[in-house]
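To start, the structure itself, in structure tokens.
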Amino acid sequence: MDQQPQLYLIAPAMMAASELGPRLISVLDAHPVACLRLPGAGDEAELGRIADITRDIAHARDVAVVITDHVALAQRHGLDGVHLSQGSRGVRHARKELGADAIVGAYCGASRHDGMNAGEAGADYVSFGHCGTTALAHGEPAPLDLFQWWSEVIEVPVVAEGALDAALIRALWPLADFIAIGPEIWSASDPAEALSALWP
């Protein structure tokens with residue numbers, strides 16, 4: 001991989017739209033972000049408000065916006081696509097519903113097999129994680145050699161995410177197309193500064 005990975009930002013879950021907007025602006029104005037992912041959990045009306053606010057903020061800065069699992073909501077609110085949390089399942093359906101130009105990504109845990117299936121089904125990217133150690137995540141961490149193998153063998157872009165620290169980001173730097181940061185920064189008083197401390 002010749003170029004450095006791009007930043008993929010995960011918006012905080014369960015934060016009111018009115019609070020989320022200013023926090024996102026501060027991070028997006030301080031760092032070049034390729035894609036913003038919205039969480040798909042919570043009240044549908046509030047998710048719609050979040051989608052509208054974040055879409056306007058992100059699109060004004062040429063940042064694509066995807067939402068976790070909500071194909072219909074992505075369509076209704078003019079988002080750029082979806083991030084599917086159940087691996088390759090649903091990739092073909094999302095592509096059919098959203099069209100050829102939409103972003104369809106798939107989270108595949110640490111499963112090389114599921115990642116390959118997602119790529120074959122037409123996913124625009126595959127996400128592996130969690131990469132770091134966390135008591136909150138299920139399953140085994142996605143090892144560095146999975147990213148090494150993927151970057152050498154598979155052309156579908158790969159995202160690294162989950163419990164990342166500065167050392168892990170440096171290790172993933174030559175192996176991932178995108179590095180996803182979110183929970184690692186949102187509890188900080190200044191998320192943009194926290195991101196600066198993590199990003200090489």
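- Pairs of residues two or more places apart, or lying in two chains, that qualify as side-chain hydrogen bond (donor to acceptor under 3.5 Å, both in side chains) and include a residue from residues 48-64 are Asp29-Arg61, Glu46-Arg49, Asp52-Arg55, Asp52-His77, His59-Asp80.
- The shortest non-hydrogen separation linking Ala94 to Leu84 is CB-CD1, 4.3 Å.
- Listed by chain and number, the residues in a ring pair (Phe, Tyr, Trp, His ring centres under 6.0 Å) with Phe178 amount to none (sequence neighbours excluded).
- Residues Leu24 and Ile179 fall within the same hydrophobic cluster, defined by Ile, Leu, Val, Met, Phe, Trp and Tyr side chains chained together at heavy-atom separations under 4.5 Å.
- Residues Gly115 and Val126 approach most closely at O-CG2, 3.6 Å, considering heavy atoms.
- Counting only distance, with no hydrogens or angles, the side chain of His70 and the backbone of Gly40 share a donor-acceptor pair below 3.5 Å.
- Counting only distance, with no hydrogens or angles, the side chain of Glu184 and the backbone of Ala163 share a donor-acceptor pair below 3.5 Å.
- By the criterion of side-chain heavy atoms lying less than 4.5 angstrom apart, applied directly or through intervening Ile, Leu, Val, Met, Phe, Trp or Tyr residues, Leu198 is not grouped with Val159; the two fall into different hydrophobic clusters.
- Within 6.0 Å of CG on Asp43 lie more than 12 heavy atoms contributed by other residues, nucleotides or ligands.
- Sorted by first and then second residue, the ring-ring contact (aromatic ring centres under 6.0 Å, His included) pairs with a member in residues 146-170 read Phe128-Phe147, Phe128-Trp150; sequence neighbours excluded.
- Checked against ring pair (Phe, Tyr, Trp, His ring centres under 6.0 Å), Tyr8 has the following partners two or more places apart in sequence or in another chain: Tyr125.
- For Ala41 against Leu47, the heavy-atom pair with the smallest separation is O-CD2, 3.6 Å.
- Considering OG of Ser111 and CE of Met116, their distance stands at 10.0 Å, rounded to 0.5 Å.
- For the pair Leu73 and Glu44, the minimum side-chain heavy-atom distance is below 4.5 Å.
- Every residue meeting the side-chain contact (heavy atoms from CB on, under 4.5 Å) condition with Glu152, not counting sequence neighbours, appears here in chain and number order: Gln148.
- Residues Leu164 and Cys131 have side chains in contact (heavy-atom distance under 4.5 Å, counting atoms from C-beta outward).
- Scanning both residues, Ala51 and Leu38, for their nearest heavy atoms gives CA-CD1, 3.9 Å.
- Under the 4.5 Å side-chain heavy-atom criterion for ILVMFWY residues, a single connected hydrophobic cluster contains both Ile67 and Ile57.
- Side-chain contact check for Val66 versus Leu36: every heavy-atom pair is 4.5 Å or farther apart.
- Applying the salt bridge (Lys or Arg N to Asp or Glu O under 4.0 Å) definition to pairs two or more places apart or across chains, those involving residues 157-167 are Arg37-Glu161.
- For Pro200, the side-chain contact (heavy atoms from CB on, under 4.5 Å) criterion is met by Ile169, Arg170, Trp173, not counting sequence neighbours.
- Listed by first and then second residue, the salt bridge (Lys or Arg N to Asp or Glu O under 4.0 Å) pairs that reach into residues 109-135 are Arg95-Asp124, sequence neighbours excluded.
- Residue pairs meeting the side-chain hydrogen bond (donor to acceptor under 3.5 Å, both in side chains) criterion with at least one partner in residues 186-200, sequence neighbours excluded, are His31-Ser196.
- To the nearest 0.5 Å, atoms OG (Ser151) and CG (Leu146) are separated by 9.5 Å.
- Using a distance-only test at 3.5 Å, with no hydrogens or angles considered, a donor-acceptor pair links the side chain of Asp69 to the main chain of Ser85.
- In terms of heavy atoms, Ala106 sits closest to Ala118 at CB-CB, 3.8 Å.
- Residue Leu144 comes nearest to Ala171 through the heavy atom pair CD1-CB, 3.9 Å, listed as atom of the first residue, atom of the second, then distance.
- Take Val33 and apply the side-chain contact (heavy atoms from CB on, under 4.5 Å) test, not counting sequence neighbours, and it matches Leu7, Leu9, Leu28, Val63.
- Atom CG of Leu195 sits about 10.0 Å away from atom OG of Ser26, to the nearest 0.5 Å.
- If you chain together hydrophobic residues whose side chains sit under 4.5 Å apart, Ile103 and Ile154 never meet in one group.
- Listed by first then second residue, pairs satisfying salt bridge (Lys or Arg N to Asp or Glu O under 4.0 Å) with a partner in residues 3-25 number zero, not counting sequence neighbours.
- Residue pairs meeting the salt bridge (Lys or Arg N to Asp or Glu O under 4.0 Å) criterion with at least one member in residues 8-18: none, sequence neighbours excluded.
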